[in-house]
Amino acid sequence: MSKKITVLGSTGSIGRQSLEVIAACGMEAVALAANSSVKLMEEQARTFRPSIVALADERAAADLRVRLADTNVHVLSGLEGVLEAATISSADTAIAALVGMVGLRPTLASIREGKRVCLANKETLVCAGPLVLEEAKDYGAKVYPVDSEHSALFQCLEANRDRGEVKRLILTCSGGPFYGKKREELAGITVEDALKHPNWSMGAKITVDSATLMNKGLEVIEAMHLYRMPVEKISVVIHRESIIHSLVEYCDNAMLAQLGAPDMRLPIQYALTYPKRIPGPSTPLDLWNCGPLTFGTPDLEAFPCLALALEAAKAGGTAGAILNGANEAAVGQFLAGKIGFLDIPVRVEKALAQVRAVQNPTMRDILDADKAAREIVR
């Protein structure tokens with residue numbers, strides 16, 4: 001069970017909820033890191049009094065240093081500062097909640113210190129899963145999932161000691177704000193439309209990924225690595241209510257599911273307290289009033305990003321890094337109003353077609369694939 005924690009990405013949605021859990025469970029935040037949110041980081045620093053805080057943006061860090069001059073909080077800057085927060089010796093646990101490929105190096109840094117890593121940055125495993133998990137093994141680090149779906153799978157698999165008995169992992173998917181729409185109906189989708197998720201409150205990038213179903217595709221690749229399952233043994237089911245967070249089907253056709261209110265504080269807390277369960281701040285599920293639970297099949301024609309992710313999962317190697325890099329760049333263009341909603345999968349598909357996937361990649365191969373994919377999208 002975690003006691004002293006560094007939160008990488010503390011000003012984001014997962015980071016803020018992580019701090020709620022830390023406060024409610026009597027834990028200590030010893031280091032915080034983020035990109036550039038000066039005002040919120042100042043508030044967090046004054047509330048939690050960590051030893052260090054780090055902002056990747058140099059100007060933002062300089063501003064924060066002035067704001068916190070009356071405290072004993074040490075302010076660091078740049079990637080080096082974030083890496084120092086990731087490796088601070090007083091922390092036994094790191095919550096990896098930085099968004100995107102930028103989270104890979106800090107997550108690896110925490111792993112190389114042998115810390116418990118509560119992983120919310122799915123891009124780390126999508127782009128470099130085998131490498132990351134091999135380093136975790138080498139350095140004695142434990143990696144626990146924070147995504148609600150992967151936490152659900154982890155909890156359901158606790159009932160099983162022989163992975164050979166697992167028939168299938170089933171990831172649930174809300175379907176996002178455009179569930180039921182045909183491809184032609186998505187042509188005029190605006191950024192504002194895409195950011196209206198029906199069940200979850202998340203950052204802009206992951207909310208758009210949920211709208212395109214790319215988020216679920218990334219989770220399929222993440223599940224392959226976390227649970228060492230081939231893509232053929234992983235399925236996606238539309239479950240609009242987000243009450244069942246995922247399921248495991250066993251060879252005898254029994255299914256185990258994990259249920260809960262759509263509240264990220266529960267999987268965050270479980271990653272921090274495993275193998276123990278303790279009272280916490282998450283919302284209890286009211287079975288008597290949650291309504292009927294429904295299930296459906298994803299529409300891969302209307303939402304081709306999921307199909308592209310499944311293709312990348314089968315290709316292996318650096319295909320995950322190509323997929324992720326292209327998607328991050330395309331979503332950034334969409335959020336900036338430079339391309340349309342339906343242009344996102346077109347650009348991702350182009351990158352997957354033009355950048356050669358390297359098998360058994362080194363870190364350099366992964367970074368090169370990411371860079372090449374982004375250049376094609378731009």
Between [X] and [Y] (side chain of the first, backbone of the second, donor and acceptor by atom type, cut-off under 3.5 Å), is there such a pair?
X	Y	value
His150	Glu219	yes
Asp193	Thr190	yes
Thr47	Glu43	yes
Glu222	Lys216	no
Lys115	Ile88	yes
Arg168	Lys233	no

For [X], I'd like to know if atom [atom1] has over 12 heavy atoms of other residues, nucleotides or ligands within 6.0 Å.
X	atom1	answer
Lys4	NZ	no
Glu184	CD	yes
Arg240	CZ	yes
Asn72	CG	no
Gln359	CD	yes
Lys350	NZ	no
Arg163	CZ	yes
Arg183	CZ	yes

Of Ser246, Ser242, Cys173, which meets side chain to side chain contact (heavy atoms under 4.5 Å, CB included) against Glu149? Ser246
Can [X] and [Y] be counted as an ion pair, charged N to O under 4.0 angstrom?
X	Y	value
Glu135	Arg112	yes
Arg16	Glu20	no
Asp63	Arg67	yes
Arg116	Asp92	no
Arg59	Asp57	no
Asp70	Arg46	yes

In terms of ring plane angle, is the pair Phe154 and Tyr274 parallel, tilted or perpendicular, where the classes change at 30° and 60°? perpendicular
Heavy-atom pair with the smallest gap, counting every atom of [X] and [Y]:
X	Y	value
Ser10	Leu32	OG-CB, 3.7 Å
His245	Ser148	CB-O, 3.8 Å
Phe295	Ile244	CZ-CD1, 3.7 Å
Leu153	Leu247	CD2-O, 3.3 Å
Ile52	Ala85	CD1-CA, 3.6 Å
Ala29	Ile22	N-CG2, 4.0 Å

Judged by modelled atom types alone, do Lys122 and Asn215 share a side-chain donor-acceptor pair under 3.5 Å? yes
So, Asp209 versus Asn327: side-chain donor-acceptor pair below 3.5 Å or not? yes
Taking side chain as C-beta onward, heavy atoms only, is Val99 less than 4.5 Å from Ile206? no
Beyond-backbone contact of Thr107 with Val143, side-chain heavy atoms, under 4.5 angstrom: no
Spell out, yes or no, whether Phe334 and Leu186 are grouped together once hydrophobic residues are joined by side-chain heavy atoms under 4.5 Å, including indirect joins. yes
Same apolar cluster: Leu367 and Val358, side chain cutoff 4.5 Å: no
